[in-house]
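In what follows, chains carry the letters A, B, and so on, assigned in the order in which the sequence lines appear, proteins first and then strands, with residues in each chain numbered from 1.
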Amino acid sequence: MPLKVYNSLTRQKETFTPINAPYVGMYVCGPTVSGESHLGHARPYVTFDILYRYLNYHGYKVRYVRNLTDAGHFEEEGREAEDKISKKAVLEKLEPMELVQKYTNLYHWAMALLNNLPPSIEPTATGHIIEQIEMIKKIIADGYAYEANGSVYFDVEKYNTDYSKKNQPYGILSGRVLEDQLDTTRELDNQDEKRNRSDFALWKNAPPEHIMRWQSPWGEGFPGWHIECSAMSTKYLGDEFDIHGGGMDLQFPHHECEIAQSTVCNHKMPARYWMHNNMITINGRKMGKSYNNVIKLSELFSGSHPILEQAYHPMTIRFFILQSHYRGTLDFSNEALQASEKAFKRLWEVFDWLSQWVVPQTQAASDIELDAKVKKLVNEFDEFMDDDLSTPKVLANMFELSSVINSIKDKHIAGDALSSVTVGLLQTQMRLFIEDIFGLKGDRSDNSGKLDGVLQLLIDIRKEAKRRKDFVTSDKIRNELATLGVQLKDEKDGEMSYTIG
RNA sequence: GGUCCUGUGGCCGAGUGGCUAGGCAAAGCUCUGCAAAAGCUUCUACAGCGGUUCGAAUCCGCUCGGGACCUCCA
């Protein structure tokens with residue numbers, strides 16, 4: 001089955017065909033490292049991590065490029081650049097590199113906890129100033145940009161006129177018609193330098209207080225926001241590559257501008273498939289800095305935000321994101337996250353048991369119907385993922401399978417109901433999708449073996465106590481362990497198991 | 001004003017015109033020394049009004065509600 005993805009450019013699902021199989025080039029807009037990542041940021045990175053993993057699973061050799069925006073109008077959250085520049089002491093001055101390092105570290109930390117695979121290349125905007133300048137020169141030479149007071153602007157009007165003839169007007173991605181755009185009176189610096197309101201900056205002249213600045217043919221300044229992605233995607237993926245991803249809020253103007261810039265420079269639409277994840281909302285509203293309603297990932301992991309009823313494990317967040325389709329909005333609430341936490345725990349326990357379940361090698365299915373049903377549910381994993389990454393449907397099937405597996409575990413269903421072949425398929429595919437493709441991982445981690453030994457000892461003592469009907473002792477062990485965060489469970493067969501956390 | 005998305009049961013969320021989404025919560029039962037877990041069962045839906053159709057949550061129209069974007073905010 002071929003993979004189909006929804007292409008924002010054509011507004012429909014399309015079969016994914018790489019330009020140069022088995023190689024796949026994928027560019028995803030990364031964060032601006034002038035602040036901490038919040039829950040909303042987690043979504044694109046998890047979504048495209050799943051896509052990256054799934055493409056790998058399909059056998060493609062993927063070059064995944066995700067940038068770090070570390071240039072531009074830079075200052076630390078809530079602190080004015082002017083304040084800093086006036087300080088005399090070196091150590092009190094805002095050092096851009098320090099800021100960038102701090103937030104890059106935090107971002108990487110969060111990505112690792114969410115178990116996102118690192119991209120193949122993670123280029124920085126500041127590391128590609130030369131490429132950006134070269135690109136701007138080219139655009140000027142072609143007549144689609146002009147200089148004004150040390151800044152360079154892209155001539156959207158001209159581009160739109162010329163490229164409309166080539167069926168690629170400005171606004172093709174977001175479905176906007178230039179003439180229809182309202183002349184909103186948003187106040188921006190040096191707005192009067194532009195020939196038209198719709199023009200956007202390729203290079204900005206840096207005022208004296210601006211802390212980040214580079215030499216350019218147009219004087220000291222810094223690159224516009226959009227040009228970095230065009231420069232870096234072209235450099236690492238070529239004039240035309242397969243997938244360009246990012247949040248829906250970047251569709252306009254960011255991606256639209258990228259298309260215009262790259263098309264002028266390379267004479268090609270930069271990417272074939274444009275994919276956009278939807279927003280995470282809170283109380284029905286987009287989570288974003290401008291709404292002042294963000295919950296940072298570090299706060300989520302530690303529970304240190306007034307709105308949070310508890311801390312949430314990074315895997316709970318990942319699972320929460322997978323439970324909805326990436327093109328729909330996803331609403332945050334404590335209730336929803338707690339539901340995800342429980343659901344994930346249940347799935348993981350089933351998976352844990354399944355992994356070590358051994359059946360006789362040549363076992364035939366005693367329940368043909370159930371055997372067929374299980375096979376069907378498992379085989380649908382691929383089918384659903386191929387259909388524009390329908391992770392929630394795959395999870396739904398996993399939960400249906402969980403009921404079957406638990407029933408077998410608890411002996412409500414015979415152990416030989418499924419054939420050894422089906423069990424093998426189930427084990428293989430569950431592991432593949434849960435761990436490799438969904439990137440979920442459990443907590444059987446910091447178990448050095450010593451802890452396990454101690455717990456086994458307590459379990460033995462408790463078993464002995466129960467045998468003597470000494471429930472005071474057995475309950476004491478269970479209850480005290482519970483307060484320490486260790487749950488003991490009496491299994492059907494008289495065995496006991498434990499879970500931590 | 002423009003472009004687009006959206007309104008599913010207590011909550012979150014799938015839903016490709018006809019066939020159970022799923023998870024969490026709630027209730028009952030089974031199991032259990034008691035729990036927990038698990039299994040089984042049950043419950044509350046498709047914003048409203050029209051239309052197309054043998055049949056619509058799903059297509060069309062209108063109304064109402066919510067949201068995103070509209071140029072350097074990433």
Side-chain angles (χ1 to χ4, degrees), chain A residues 11 13 29-35 40-41 69 72-73 151 153-154 156 171 174-184 186 188-191 194 196-202 204 222-227 246-254 256-257 278-279 281 284-286 288-290 319-320 323-325 327-347 349-350 384 387 390-400 402-413 466 469-471 474-475 478-479 482 487-492 497 499:
Chain A
R11 275 156 256 262
K13 282 184 199 170
C29 292
T32 298
V33 281
S34 65
H41 292 130
T69 298
H73 186 71
S151 292
Y153 295 96
F154 190 93
V156 171
S174 54
R176 279 157 217 271
V177 179
L178 195 54
E179 295 79 44
D180 289 349
Q181 294 304 302
L182 186 71
D183 260 2
T184 45
R186 181 166 173 180
L188 299 166
D189 290 344
N190 308 320
Q191 195 67 270
K194 298 185 188 177
N196 287 292
R197 183 167 291 279
S198 52
D199 294 350
F200 58 89
L202 294 171
K204 285 289 278 183
F222 59 99
W225 170 36
H226 313 301
I227 194 71
M248 240 172 211
D249 52 348
L250 297 181
Q251 209 175 56
F252 189 91
H254 185 54
E256 211 70 75
C257 296
N278 214 320
M279 302 292 104
T281 57
R285 242 213 140 104
K286 173 189 170 185
K289 217 154 92 179
S290 44
F319 187 86
F320 174 63
Q323 266 185 311
S324 70
H325 189 264
R327 280 191 292 114
T329 53
L330 173 57
D331 201 53
F332 164 88
S333 67
N334 279 289
E335 221 180 338
L337 275 183
Q338 282 157 16
S340 292
E341 183 179 82
K342 288 194 176 179
F344 175 58
K345 185 167 180 258
R346 175 156 167 242
L347 180 67
E349 280 174 17
V350 168
F384 292 156
D387 183 19
S390 293
T391 54
K393 287 173 130 186
V394 175
L395 285 176
N397 274 21
M398 285 181 176
F399 279 104
E400 286 203 51
S402 294
S403 292
V404 176
I405 295 165
N406 273 330
S407 291
I408 292 172
K409 177 187 167 197
D410 288 351
K411 302 190 167 51
H412 294 132
I413 293 177
K466 277 186 73 173
K469 301 236 189 287
D470 176 7
F471 298 124
S474 78
D475 285 357
R478 189 174 66 195
N479 295 341
Q487 277 76 42
L488 281 191
K489 273 196 274 184
D490 294 347
E491 302 290 349
K492 299 282 175 197
S497 64
T499 50

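- Between B:G22, B:C73, B:A38, one nucleotide has an atom nearer to the side chain of A:Ala396 than all others, and that is B:G22.
- When the C1' atom is used for both B:A56 and B:C73, the distance is 42 Å, rounded to whole Å.
- Counting only Watson-Crick or G-U wobble pairs whose defining distances are both under 3.5 Å, the stems of 3 or more consecutive pairs in RNA chain B are B:1-7 with B:64-70, B:10-12 with B:22-24, B:26-30 with B:38-42, B:47-51 with B:59-63.
- When distances are taken from the side chain of A:Asp490 to each of B:C34, B:U71, B:A38, the shortest belongs to B:C34.
- A:Asp475 comes within 4.0 angstrom of a nucleotide base, judged by non-hydrogen atoms across all strands.
- Residue A:Ser333 places none of its side-chain N or O atoms closer than 4.0 Å to OP1 or OP2 of B:C11.
- With both ends at atom P, the span from B:C69 to B:C49 equals 33 Å, rounded to whole Å.
- Remark: the separation of the C1' atoms in B:C11 and B:U16 is 26 Å, to the nearest Å.
- Atom name C1', nucleotides B:U42 and B:G2: the rounded distance is 50 Å, in whole Å.
- A:Asn479 contributes atom CG, which lies 9.5 Å from atom CG of A:Leu488 (distance to the nearest 0.5 angstrom).
- Within the 4.0 angstrom heavy-atom criterion, base atoms lie near A:Phe200.
- Among the nucleotides B:G39, B:C11, B:G33, the one closest to any side-chain atom of A:Lys466 is B:G33.
- Here the P atom of nucleotide B:C12 and the CZ atom of A:Phe399 are 18 Å apart, to the nearest Å.
- Between atom NE2 of residue A:His325 and atom NZ of residue A:Lys393 there is a gap of 9.0 Å, rounded to the nearest 0.5 Å.
- Within 4.0 Å of A:Lys342, counting heavy atoms only, lie sugar-phosphate atoms of the nucleic acid but no base atom.
- Atom pair A:Lys489:NZ and B:C34:P shows a separation of 19 Å (rounding to whole Å applied).
- Comparing the same atom, P, in B:U30 and in B:A36 gives a spacing of 14 Å after rounding to whole Å.
- For the residue pair A:Asp331 / A:Thr281, a side-chain donor-acceptor distance below 3.5 Å is found, with atom types taken as modelled.
- Atom pair A:Glu341:CD and B:C24:C1' shows a separation of 11 Å (rounding to whole Å applied).
- Rounding to the nearest 0.5 Å gives a distance of 6.0 Å between CZ of A:Phe399 and CZ of A:Arg346.
- B:C62 sits 15 Å from B:U52 when the C1' atoms are compared, rounded to a whole Å.
- You'll find that the side chain of A:Pro253 is closest to B:U71, out of B:G39, B:G10, B:U71.
- Using a 4.0 Å cut-off, some side-chain N or O of A:Arg346 falls inside it from OP1 or OP2 of B:G39.
- Rounded to an integer number of Å, the gap from CG of A:Asp410 to P of B:U32 is 12 Å.
- A:Cys29 and A:Leu250 make their closest contact through CB-CD1, 3.6 Å (heavy atoms, listed as atom of the first residue, atom of the second, distance).
- Taking atom NE2 of A:His412 as the reference point, atom C1' of B:A37 lies 11 Å away to the nearest angstrom.
- If you take OG on A:Ser198 and CD on A:Glu256, they are separated by 11.5 Å, rounding to the nearest 0.5 Å.
- Residue contacts for A:Asp249: at a heavy-atom cut-off of 4.0 Å it reaches a base atom on one of the strands shown.
- Listed pair A:Arg478 / B:C34 fails the phosphate criterion, with no side-chain N or O lying under 4.0 Å from OP1 or OP2.
- Atom name P, nucleotides B:A27 and B:G67: the rounded distance is 34 Å, in whole Å.
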Tabulated below should be each protein N or O lying under 3.5 Å from an N or O of nucleotides 13-19 of chain B; please produce it.
{"unit_1": "B:G13", "atom_1": "OP1", "unit_2": "A:Asp331", "atom_2": "N", "d": "2.6"}
{"unit_1": "B:G13", "atom_1": "O2'", "unit_2": "A:Gln323", "atom_2": "O", "d": "3.3"}
{"unit_1": "B:A14", "atom_1": "OP1", "unit_2": "A:His325", "atom_2": "N", "d": "2.8"}

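- In this structure the side chain of A:Phe154 never reaches within 4.5 angstrom of the side chain of A:Lys194, judged on heavy atoms.
- Atom CG of A:Asp249 is separated from atom NZ of A:Lys286 by 4.0 Å, given to the nearest 0.5 angstrom.
- Rounded to an integer number of Å, the gap from A:Phe384 CZ to B:A21 P is 14 Å.
- Within the model, atoms OG1 of A:Thr391 and CE of A:Met398 stand 10.0 Å from one another, a figure rounded to the nearest 0.5 Å.
- In this entry the distance linking CD1 of A:Ile413 with P of B:A38 reads 15 Å, nearest Å.
- When all heavy atoms are compared, the tightest approach of A:Ile227 to A:Leu202 is CG2-O, 3.8 Å.
- Residues A:Ser174 and A:Gln251 have side chains that never bring a donor and an acceptor to within less than 3.5 angstrom of each other.
- Going from atom CZ of A:Arg285 over to atom P of B:C5 covers 20 Å, rounded to whole Å.
- Distances from the side chain of A:Ala336 to the nucleotides B:U71, B:G23, B:C12 place B:C12 closest.
- Across all strands shown, A:Ser198 has heavy atoms under 4.0 Å from base atoms, whether or not it also approaches the sugar-phosphate.
- Nucleotides B:G61 and B:A21, compared at atom P, are 27 Å apart to the nearest Å.
- Ranked by how close their nearest RNA chain B nucleotide is to the 5' end, A:Ala339 and A:Ser403 are led by A:Ala339.
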*Give the intermediate values and the outcome of salt bridge (charged side-chain N to carboxylate O under 4.0 Å, His left out) for residues A:Glu349 and A:Lys345.*
CA-CA 6 Å; A:Glu349 280 174 17; A:Lys345 185 167 180 258; 3.7 Å; yes

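- Evaluation of atom-type donor-acceptor distances gives no pair under 3.5 Å for the side chain of A:Asn479 against the base of B:C34.
- The aromatic ring of A:Phe471 is stacked on the base of B:G33, with the two ring centres less than 5.5 Å apart and the planes inclined by under 30°.
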